[in-house]
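Take a look at the structure set out below.
Both ligands and their constituent atoms are indexed starting at 1 by order of listing.
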Amino acid sequence: MDVYTDVLVIGTGVSGLYSALNLKDNLNIIMISKGKIDECNTALAQGGISVARGVDDVDLFVEDTLKAGAYKNDVTATRILAEESIENIDTLCKMGFDFDRTNDGLSYTREGAHSINRIVHYKDKTGKELEETLLKQVSSKKNITIFENCTMLDILKKGNACAGALCTREGVQVSIHAKVTIMAAGGIGGLFRNSTNQKILTADGVAVALKNNIKVKNLNYIQFHPTAFFNNNLSDRKFLISESVRGEGGKLINCNGNRFVDELLPRDVVTKYIYEEERNTHCSNVYLDVTFMKEDFLKNRFPTIYEKCLENGINISKEPIPVSPAQHYFMGGIEVDTFGKTSMENLFAFGECSCTGVHGANRLASNSLLEALVFSKRGARKINNDISTIPMINLDTPSLDYNEKYYKNLNNKIFIESLVKVRGDIKNELVNC
Ligand code: SIN
């Protein structure tokens with residue numbers, strides 16, 4: 001089956017939805033989602049969205065981001081991130097995003113490696129609220145069509161110009177031809193045994209980039225979140241215990257009940273200390289203690305975490321939460337400029353599958369949703385400016401020896417092989433490896 005559109009957006013998380021919303025209304029847009037529309041990491045994000053506390057905070061926000069990233073960040077992109085944070089949070093407020101508030105306005109919390117409180121949030125479900133807010137806007141747009149359960153297997157291309165994507169939907173091959181293609185295909189956690197990510201997120205965007213000689217960057221930068229709920233069930237996605245729990249004062253203790261680390265150091269540092277502590281104490285996990293906080297506060301500020309822990313037999317107001325690190329975020333990805341433009345013509349990449357360089361070697365807490373907002377809007381505006389000069393490339397539908405499973409395995413293999421070349425040490429963390 002062949003389908004034609006102006007813009008194809010691969011992915012329905014924040015970067016896919018927000019880019020579509022920032023494209024002109026006279027463009028035809030098709031969005032595809034590998035699973036259900038909201039089966040994305042955005043909907044799982046708990047902590048919040050970082051934002052500069054006014055222009056006077058931009059320099060400090062940039063410095064915090066660079067320091068957490070071990071100064072491996074792209075400085076220009078990081079400055080853009082901080083400078084454009086405020087306008088994007090304002091836009092979300094205008095869309096009706098229900099951020100938590102105090103009598104003075106937005107409520108700002110703290111997370112690791114931020115010098116000040118600069119994270120806006122909605123309880124511990126910021127990502128879910130964001131996904132729902134954006135989806136509501138998208139569903140009111142007549143020019144946007146969403147195909148659920150539609151997997152991208154490869155891009156369509158002519159020379160070094162992208163012409164859409166080859167997909168599969170309910171067993172049927174669909175070639176979606178587009179003037180411009182946006183890769184917003186999300187993260188890599190589905191390839192890890194132990195990850196906080198949606199299982200269906202298996203690095204598809206980066207794998208397809210590698211296969212088509214599109215430039216990628218920083219494949220070695222993988223973030224392990226310090227505090228995922230610990231249990232022995234390896235087949236489950238790991239449930240995140242948000243860094244904002246430590247931001248609100250939660251304490252890490254070892255299995256003997258002793259504190260061992262400053263909880264608000266950068267994520268990679270806290271993770272390292274936890275692994276060390278687990279080794280030294282011969283325990284498979286440590287604990288996050290919030291028992292000194294009032295139960296009503298915990299229920300109201302962290303309702304999802306409170307309920308989920310209760311389902312797992314832990315009343316967090318009475319006993320510490322068993323936690324251990326798990327794969328959480330990929331700082332590397334498809335190399336892009338500050339408009340999300342990749343090394344292939346007519347192909348953009350936004351969000352976790354892209355690498356703007358803002359995160360350096362270790363992402364500062366709550367900068368992921370912000371990066372997706374800032375750069376997908378910039379990219380959409382560039383597409384709006386340029387698309388009238390981009391012709392639809394006429395391609396014959398590739399006649400494939402069509403085999404969905406073969407393509408999926410091939411994509412996984414291509415990504416895993418490239419990853420293991422630069423991060424041999426995490427080989428045992430990967431599934432089927
Ligand atoms: C968290 O709530 O700890 C996750 C937020 C993030 O990944 O920045």
ask   = For Ala365 and ligand 1, does the shortest N/O to N/O distance drop below 3.5 Å?
value = no
task = Indicate yes or no: does an N/O atom of Ser242 lie under 3.5 Å from an N/O atom of ligand 1?
result = yes
query = Any idea which atoms of ligand 1 are less than 4.0 Å away from a heavy-atom of Arg267?
reply = 1 (C), 3 (O), 4 (C), 5 (C), 6 (C), 7 (O), 8 (O)
note = The answer for which part of Arg246 has a heavy atom under 4.0 Å from ligand 1 is neither
message = Show me which atoms of ligand 1 lie under 4.0 Å from any heavy atom of Glu243.
response = 1 (C), 2 (O), 3 (O)
ask   = Among Pro226, Gly247, Ala45, Ser366, which one has a heavy atom closest to atom 8 (O) of ligand 1?
value = Ser366
task = Classify the contact between Thr227 and ligand 1 as side chain, backbone, both or neither, using a heavy-atom distance cut-off of under 4.0 Å.
result = neither
query = Is the cationic atom of Arg378 (NZ for Lys, CZ for Arg) positioned less than 6.0 Å from the six-membered ring centroid of Phe339 and within 45 degrees of its normal?
reply = yes
key: Check ion pair Glu371-Arg363 (N to O, under 4.0 angstrom)   = no
Residue pair Glu278 / Ser324, side-chain donor-acceptor N/O under 3.5 Å = yes
His328: numbered ligand 1 atoms lying under 4.0 Å from its heavy atoms = 4 (C), 6 (C), 7 (O)
inquiry  = Under 2.5 Å between the SG atoms: is that true for Cys150 and Cys167?
reply    = no
message = I'd like to know whether CG of Asn256 has more than 12 heavy-atom contacts from other residues, nucleotides or ligands below 6.0 angstrom.
response = yes
task = Compute whether any side-chain donor of one residue and acceptor of the other, for Ser33 and Glu39, lie under 3.5 angstrom apart.
result = no
